[in-house]
Amino acid sequence: MELNSIKDAFERVVKKQKLSSSKSQEVIQQVGREIEQALTQILSAQDPSAPVDQKSILAELKLKLSAVGPVQQLEGSHKELNLNLSKYTKLLERTLNPDISKAYRDVDFDYHIVNQLIANHFYRQGLFDLGDGIIDEAGEPELTIVKSQFSVMHQLLEAMKVKNLEPALNWIRANREQLNQNGLNLELKLHSLQFLEILQNGTQADALIYARTHLAPFASPSSPHKDEVLKLMGCLLYAGRLNNSPYSEFTSPTHWEKAMEDLTGQFCSLLAQSYNSPLSMTMAAGFEGLPTLLKLANVMAAKKQEWQAMKQLPVPVELGKEFQFHSIFVCPVSRDQGSEDNPPMLMPCLHVLCKQSIMKLSKSSTRTFKCPYCPAEASVAQCKQLHF
């Protein structure tokens, strides 16, 4: 991808800059040593009756500096750096087209939904003043319920940042039925963190009491968490010195970070919201697909074709797995992606093709056709539409 080539070019510039800087320091130090040696010779004369021949010392210094060739060395390293820097700027100009309006497609937006998405994003990030500002300036009705819900979430997260897990545990208990199994996993994770915190900063007896009260229900013979709880019990042998024990992995701050991520995910799930902000995901997907869209717009402009009128892009826009939220079917015959107009169809032999491919094979439903992947024959009437 274009962004990868930009990254590689940037890393080459950084490497050359470091080499140039290192070379410059080396040359400067070498010149400094030669000058210091000359000064030492000039100042070392003790006998006023036998004056030092300063001209000969300076002449010798001049010869040494000429042999070092500091200007030539610095020019060489800087020339290589400037060459790579020039290539990098040209790559940026060529790849990052400043006129991104070429990739813009005129779409009728529901501005009320867009405004609410932006406000929702700020509320989700805990930036409640910004969210309120967007709502006020856009003249939108207040998102009181959404704001209050995310306010609760951030209160739980802020408490966890200071290792206060009680608010989060109370929230899990209050919503245990809706959270189901995932809630139990999170509850165990939080109780484990609290147990380890007591073991590190409290007493072994207090940690044992906490474990009997809160971890014992997860250690029943039928519990899938039994082994995890037993491993935690081994930590009791190293009260106050977990960092230097076989269980030191439990002291990693990443466990707290992961617990906060899990809590955020469970909270958003309970609100029927995605873990990531829809606005941030849309922006990230746009950034990743922009180079391809700009290239397509330039090609279409050269061919005097209007790509904005197309129902489907003629080239694929490759996005990462983090942007894939549902199954996508691509016909193995036509290589076209399934759509409402061209849905995937299941044949009697259980192979799947897109509807348009089946219509071509059957000569528009006028005859039976042979499956491209097995000897079975089928008719259009025998094919059933699949829904992913």
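Throughout, residue positions are numbered sequentially from 1 according to the sequence presented.
Across all their heavy atoms, Cys268 and Ser274 have their closest contact at CB-O, 3.6 Å. Between Leu190 and Ala259, the shortest heavy-atom contact is CD2-CB, 4.0 Å. Smallest separation of non-hydrogen atoms from Phe323 and Ala285: CE2-N, 3.5 Å. Of all heavy-atom pairs spanning Cys383 and Met345, the tightest one is O-CE, 3.9 Å. Residues Phe329 and Pro344 approach most closely at CD2-CB, 3.4 Å, considering heavy atoms. When all heavy atoms of Glu249 and His255 are compared, the pair lying nearest together is O-NE2, 2.8 Å.
Between Asp336 and Val330 the shortest side-chain heavy-atom distance does not fall below 4.5 Å. Between Phe195 and His214, the closest side-chain pair of non-hydrogen atoms is not below 4.5 Å. Side chains of Tyr123 and Leu130 form no contact here, defined as non-hydrogen atoms less than 4.5 Å apart. Between Met347 and Ser379, the closest side-chain pair of non-hydrogen atoms is not below 4.5 Å. Side-chain contact check for Asn185 versus Asp262: every heavy-atom pair is 4.5 Å or farther apart. Side-chain contact between Glu197 and Trp256 is present, with at least one heavy-atom pair separated by less than 4.5 Å. Side-chain contact between Leu143 and Ile135 is present, with heavy atoms from C-beta onward closer than 4.5 Å. With contacts defined as side-chain heavy-atom distances shorter than 4.5 Å, the pair Tyr247/Lys231 qualifies.
A donor and an acceptor atom, one from each side chain of Gln200 and Arg241, are nowhere located under 3.5 Å apart. Defined by atom type and a distance below 3.5 Å, a donor-acceptor pair is missing between the side-chain atoms of Glu80 and Asn84. In the model, Thr366 has no side-chain atom that pairs as donor or acceptor with a side-chain atom of Ser364 under 3.5 Å. Checking Asn342 against Ser339 by side-chain atom types alone, no donor-acceptor pair falls below 3.5 Å.
Rounded to the nearest 0.5 Å, atoms CG (Leu81) and CG (Leu19) are 9.5 Å apart. Atoms CZ and OG, from Arg124 and Ser277 in turn, are 5.5 Å apart once rounded to the nearest 0.5 Å. With values rounded to the nearest 0.5 angstrom, Leu199 atom CG is found 9.5 Å from Leu237 atom CG. The CZ atom of Phe150 lies 12.5 Å from the CD1 atom of Ile145; values are rounded to the nearest 0.5 Å. With rounding to the nearest 0.5 angstrom, the OH atom of Tyr210 is 8.5 Å from the OG atom of Ser192. To the nearest 0.5 angstrom, Gln125 atom CD is 9.5 Å from Leu279 atom CG.
Using a distance-only test at 3.5 Å, with no hydrogens or angles considered, a donor-acceptor pair links the side chain of Asn115 to the main chain of Tyr111. Using modelled atom types, one side-chain atom of Ser24 and one backbone atom of Ser20 make a donor-acceptor pair closer than 3.5 Å. Judged by distance alone, with hydrogens and angles left aside, the side-chain atoms of Ser245 form a donor-acceptor pair with the main-chain N or O of Leu242 at under 3.5 Å. With hydrogens and angles ignored, the 3.5 Å screen pairs no side-chain donor or acceptor of Ser21 with any backbone N or O of Gln17. Within the 3.5 Å criterion, the main-chain N or O of Glu36 finds a donor-acceptor partner in the side chain of Thr40. The backbone N or O of Leu353 sits nowhere less than 3.5 Å from a side-chain atom of Ser357 that would complete a donor-acceptor pair. Thr89 places a side-chain N or O within 3.5 Å of a backbone atom of Ser86 that can act as its donor or acceptor partner. Counting only distance, with no hydrogens or angles, the side chain of His154 and the backbone of Leu127 share no donor-acceptor pair below 3.5 Å. Looking only at distances, no side-chain donor or acceptor of Ser248 sits under 3.5 Å from a matching main-chain atom of Asn244. Checked by atom type and distance alone, the side chain of Asp206 never pairs as donor or acceptor with a backbone atom of Gly202 at under 3.5 Å.
Comment: Asp8 does not engage Arg12 in a salt bridge, judged by the lack of any side-chain N to carboxylate O separation of less than 4.0 angstrom. Under a 4.0 Å N-O distance rule, the pair Glu166/Arg173 qualifies as a salt bridge. Under a 4.0 Å N-O distance rule, the pair Lys161/Glu158 qualifies as a salt bridge. Using a cutoff of 4.0 Å between basic side-chain nitrogens and carboxylate oxygens, Lys147 and Asp132 are scored as salt-bridged. No salt bridge links Lys370 with Glu377; every basic N to acidic carboxylate O contact stays at or beyond 4.0 Å.
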Between Tyr88 and Leu92, is a side-chain contact (heavy atoms from CB on, under 4.5 Å) present by the stated rule, with each step listed?
CA-CA 6 Å; Tyr88 179 62; Leu92 287 177; 3.6 Å; yes

If you apply the rule side-chain contact (heavy atoms from CB on, under 4.5 Å), what do you find for Gln204 with Leu208, and how did you get there?
CA-CA 6 Å; Gln204 186 185 57; Leu208 185 58; 5.7 Å; no

Are Thr292 and Leu296 close enough, and set up right, to give a side-chain contact (heavy atoms from CB on, under 4.5 Å), and what steps lead you there?
CA-CA 6 Å; Thr292 302; Leu296 173 63; 5.6 Å; no

How far apart are the C-alpha atoms of Phe122 and Asp129, what are their side-chain angles, what is the distance that settles it, and do they pass the side-chain contact (heavy atoms from CB on, under 4.5 Å) test?
CA-CA 8 Å; Phe122 287 130; Asp129 291 340; over 6 Å; no

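Side-chain heavy atoms closer than 4.5 Å link hydrophobic residues (I, L, V, M, F, W, Y) into clusters, and following such links, possibly through other members, connects Val152 to Met160. Phe10 and Leu83 fall into different hydrophobic clusters, where Ile, Leu, Val, Met, Phe, Trp and Tyr are joined by side-chain heavy atoms under 4.5 Å apart, directly or via other members. The hydrophobic cluster containing Leu350 does not contain Val333, counting ILVMFWY residues as joined when their side-chain heavy atoms lie under 4.5 angstrom apart, directly or transitively. Under a hydrophobic-cluster definition in which Ile, Leu, Val, Met, Phe, Trp and Tyr are linked whenever side-chain heavy atoms come within less than 4.5 Å, directly or via other members, Leu215 and Leu236 are assigned to the same cluster. A single hydrophobic cluster is seen to contain both Val27 and Ile35, as judged by linkage of ILVMFWY side chains at heavy-atom distances under 4.5 Å, directly or through other members.
Crowding of Tyr275 atom OH: a count of heavy atoms from other residues, nucleotides or ligands under 6.0 Å exceeding 12. Atom CE of Met233 is surrounded by more than 12 heavy atoms from other residues, nucleotides or ligands within 6.0 Å. Residue Lys90 places its NZ atom among 12 or fewer non-hydrogen atoms of other residues, nucleotides or ligands, all under 6.0 Å distant. Heavy atoms from other residues, nucleotides or ligands lying under 6.0 Å from CD of Glu142 number 12 at most.
Phe218 and His225 have perpendicular rings, their planes meeting at more than 60° on a 0 to 90° scale where under 30° would count as parallel.
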Please output the side-chain donor-acceptor pairs of residues 60-74 that fall under 3.5 Å, not counting sequence neighbours, one pair per line with the distance.
from  : atom 1 : to    : atom 2 : distance (Å)
Gln73 : OE1    : Lys23 : NZ     : 2.8
Gln73 : NE2    : Val68 : O      : 2.7

